[in-house]
Amino acid sequence: MHSVDSGGLRGALLSLLAALAVSSASAQQGAPVQARTNAFNDPFVQVTRAIPHCPVPEGPLYTEAEVRELAHVRSQHGGSCHLPNSYLYDAEIIPRVQRYIQQDGHSDDTSVWVLGERRLVTLMGCVQSQAEALKKAVWLVDDVMGVINLMQVGAERDGVRYLVLPP
């Protein structure tokens with residue numbers, strides 16, 4: 001059975017959401033927009049492209065302030081004296097997830113991006129029908145500890161459950 005440290009993940013996500021809310025409010029008030037980068041090198045790739053106009057996820061982009069905020073949490077979850085750094089697995093897991101989805105044949109009518117963080121795979125994008133089969137399929141990839149499904153049926157921008165790039 002796969003398990004996810006939901007308390008630590010929930011704390012990290014809440015911290016990130018708070019930082020994003022502050023940066024969004026600052027941007028709306030005319031404050032200078034801070035540069036955002038994938039400072040942690042989290043693997044993020046588009047694996048399928050069949051649905052036109054699917055909202056493109058922003059990906060793992062962080063301001064310098066967000067990096068400082070998350071660095072402590074990530075170092076605590078990354079490893080210990082006895083365990084290897086769990087973030088190091090992602091660079092090897094995400095290409096296998098990508099190959100699996102592309103070769104599976106059940107995802108040909110989707111537009112999906114995958115993000116790896118701590119052996120958790122986040123699925124974002126658009127599907128034609130229920131996404132549970134794809135989520136279950138990704139669980140079958142070796143070393144995947146959990147799957148977070150943020151996909152939606154159709155390509156509407158309203159109600160998207162992930163941050164999107166501006167149109």
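Scope of the values below: all heavy atoms of this structure, side chains included, with no hydrogens, waters or symmetry mates.
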Worked verdict on Gln152 versus Val127 for side-chain contact (heavy atoms from CB on, under 4.5 Å)
CA-CA 6 Å; Gln152 66 180 29; Val127 296; over 6 Å; no
The criterion is side chain to side chain contact (heavy atoms under 4.5 Å, CB included); which residues satisfy it with [X], sequence neighbours excluded?
| X | answer |
| --- | --- |
| Gln102 | Val47, Gln98 |
| Glu64 | Arg68 |
| Ala39 | Thr37, Val67 |
| Ala91 | none |

Sequence neighbours excluded, which residues qualify as salt bridge (Lys or Arg N to Asp or Glu O under 4.0 Å) partners of Glu92?
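Salt bridge (Lys or Arg N to Asp or Glu O under 4.0 Å) check on Glu92 returns Arg96.
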Can you list everything that forms a side chain to side chain donor-acceptor pair (under 3.5 Å) with [X]? Sequence neighbours excluded, please.
| X | answer |
| --- | --- |
| Arg157 | none |
| Thr110 | Thr48 |
| His53 | none |
| Asp104 | His106 |

So do [Y] and [X] actually touch side chain to side chain, heavy atoms under 4.5 Å?
| X | Y | answer |
| --- | --- | --- |
| Leu150 | Leu123 | no |
| Glu117 | Thr122 | no |
| Phe44 | Met124 | yes |
| Val153 | Ser129 | no |
| Gln46 | Val112 | no |

From CZ (Arg99) to CD1 (Ile94), nearest 0.5 Å:
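That separation rounds to 11.0 Å.
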Spatial distance of atom CD (Glu69) from atom OH (Tyr62) [nearest 0.5 Å]
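So the gap between those two atoms works out to 12.0 Å.
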Would you list the atom pairs, donor with acceptor, under 3.5 Å between side chains in residues 158-167 and any protein atom, with sequence neighbours excluded?
from: Arg161; atom 1: NH2; to: Asn149; atom 2: O; distance (Å): 2.2
from: Tyr162; atom 1: OH; to: Pro55; atom 2: O; distance (Å): 2.7

Ring centers of Phe40, Tyr87 separated by less than 6.0 Å:
no
I need the minimum non-hydrogen distance between Arg36 and Leu61, along with the two atoms involved.
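In this case the closest contact between Arg36 and Leu61 is NH2-O, 3.0 Å.
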On a heavy-atom basis, the closest approach of Ile51 and Ser111 is N-OG, 2.8 Å
Applying disulfide (SG to SG under 2.5 Å) as the test, list every pair that has at least one member in residues 119-155; sequence neighbours left out.
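Qualifying pairs: Cys54-Cys126.
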Could you walk me through whether Val147 and Leu120 satisfy the side-chain contact (heavy atoms from CB on, under 4.5 Å) test, starting with their C-alpha distance in whole Å, then the side-chain angles of each, then the deciding distance to 0.1 Å, before giving a yes or no?
CA-CA 6 Å; Val147 178; Leu120 300 173; over 6 Å; no
Is a donor on one side and an acceptor on the other found under 3.5 Å between the side chain of Gln103 and the backbone of Tyr100?
no
Between Arg119 (side chain) and Val144 (backbone), is there a donor-acceptor pair under 3.5 Å?
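Side chain of Arg119 to backbone of Val144: no pair is present.
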Could you name each residue pair satisfying salt bridge (charged side-chain N to carboxylate O under 4.0 Å, His left out) that touches residues 41-55, not counting sequence neighbours?
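Sorted pair list: Asp42-Arg74.
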